[in-house]
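Here the structure comes first, spelled out in structure tokens, and everything after it is commentary.
Just so you know, ligand 1 is whichever comes first in the structure, and atom 1 is the first atom listed for that ligand.
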Amino acid sequence: MRMYDIIKKKRDGFELSKEEIEFFIKGYVDGSIPDYQVSALLMAIYFNKMNKEETLFLTNAMKNSGETIDLSDIKGIKVDKHSTGGVGDKTTIALLPLVCSCGLISAKMSGRGLGHTGGTIDKLESIAGFNTNVEIDEFINSVNKIGVCLSGQSKEVAIADKKIYALRDVTATVDNISLIASSIMSKKLASGTDKIVLDVKTGDGAFMKNIEDAVELAKEMVDIGNGSCVETVAIVSDMNEPLGFAVGNSLEVMEAIDTLKGKGPKDLEELCKVLGAHMLLLGGVEKDYDEGYKKIEQAIKSGSAISKLKEFIKNQGGNENVVDDYSLFPKSKYIFELKSKKSGFVSKIKAEEIGVSAMMLGAGRGQKEDVIDLSVGIVLNKKIGDFIDEGQLLARIHYNDEEKFKSAVDKIEKAFEFSETQVESKKLIYTVIK
Ligand code: URA
């Protein structure tokens, strides 16, 4: 078999066989197939797409390229939650202790941010001492002891995906349904979970810009999960504006904590309730969605969710006092108050532009080796549909570096659009795919 023939076949619009897909994955991992040939194949896949069967073969080949984690020593049904990536998406940080306080096992492996989307692991590192690199035995013990543990993805899981994702990121081949579905599902299936709830984002700040593509991606991933005996449900949710108000690592963790105190932004709280209710249902904690939803609400009201968060932070070596004292979080030197130059209803907040601006301030990595600044970011003061008067506060920009601030501030201002007439706020949940 030759990589050249595989590239040509896909370039000409033909279907690849299981053997051809396995050949290219194996060859890329062992170094016998170079980056430039894989880049060419990725571009051919991008334009000519893969059918469901090819996507399944690719998922399994990537899953089998690394180790498969055995979590069978964890007692109970493990339900994972995964987002396809968005701006201001701090849901996992609130959701994990929340569902755990309702009786669900929460054993999750998360990733770091890249590009304009943030990552849970980076965010949690803004809690002093919090260990995001938990060895597997300790991971299992923690879940059995307190019901929840979160760790960075093991380097050995889905090795092919790590190499291919890095290549896609620099060859403009990220936003392809088969490539995203196989990338996410290969990691999830290798990480030992029993069931999965997916949060598939759609809109300006998501990889899938329109709902039709997001639904197709959701269906593809649900089929892969269910076809692999890992029951999977996908929620398609809005990412046309950032989720909540805060974008940037420590700022987002504070907002997630506020949500567990019942003082969070409405959209984030609602998303936690919807995803949480589906997780409780899949995990067998509740038999009815509405009951699950109410249980989640109750866990916030009663304070059991916030207590679980403290236990979770402490168990992973973090300083749990951050929950009551936000001054313990990394703080930026400067805060700029961005005032509106117009009056009107906010009609758009371009989420991707806000994500890129936060990255430019230092909250994300432009390149894989970049060290991120946990204190910087943007806190919006208005959401789509809100009215603002000229001169009123639009957003606060938290920064440390004058040059970085100068390069981002215009972009942030231009991310907002206004309308003279009333604008409907965006629908948060579009559909659920089972
Ligand atoms: N997240 C992933 O893990 N992979 C993708 O391709 C996109 C988002």
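For Lys163 and Tyr28, the positive end sits near the middle of the six-membered ring, less than 6.0 Å away and at most 45° from its axis.
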### Task
Begin from the C-alpha positions of Asp386 and Lys383 and carry the test salt bridge (Lys or Arg N to Asp or Glu O under 4.0 Å) through to its verdict.
CA-CA 6 Å; Asp386 288 347; Lys383 298 278 282 183; over 6 Å; no
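A heavy-atom distance below 4.5 Å is not found between the side chains of Lys310 and Lys308.
Screening Val376, Val379, Val409 against Ile397 for a side chain to side chain contact (heavy atoms under 4.5 Å, CB included) leaves a single residue, Val409.
Some N or O of Ser183 is nearer than 3.5 Å to an N or O of ligand 1, by distance alone. When only interatomic distances are considered, the shortest N/O to N/O separation between Arg168 and ligand 1 falls below 3.5 Å. Not one N or O of Tyr165 is nearer than 3.5 Å to an N or O of ligand 1, by distance alone.
Using a 4.0 angstrom heavy-atom cutoff, Val174 does not count as in contact with ligand 1.
Nearest protein neighbour of atom 8 (C) of ligand 1, counting heavy atoms only, is Thr84 O, 3.6 Å. Of the protein's heavy atoms, Lys187 NZ, 2.5 Å lies nearest to atom 3 (O) of ligand 1.
Among Ile184, Asp175, Leu217, the residue whose heavy atom lies nearest to atom 1 (N) of ligand 1 is Ile184.
Looking at Asp161 against ligand 1, nothing comes within 4.0 Å, counting heavy atoms.
Note on ring orientation: taking the six-membered ring where Trp is involved, the planes of Tyr399 and Phe405 are parallel (angle under 30°, cut-offs 30° and 60°).
With no hydrogens or angles considered, a side-chain donor-acceptor pair links Asp258 and Tyr326 at under 3.5 Å.
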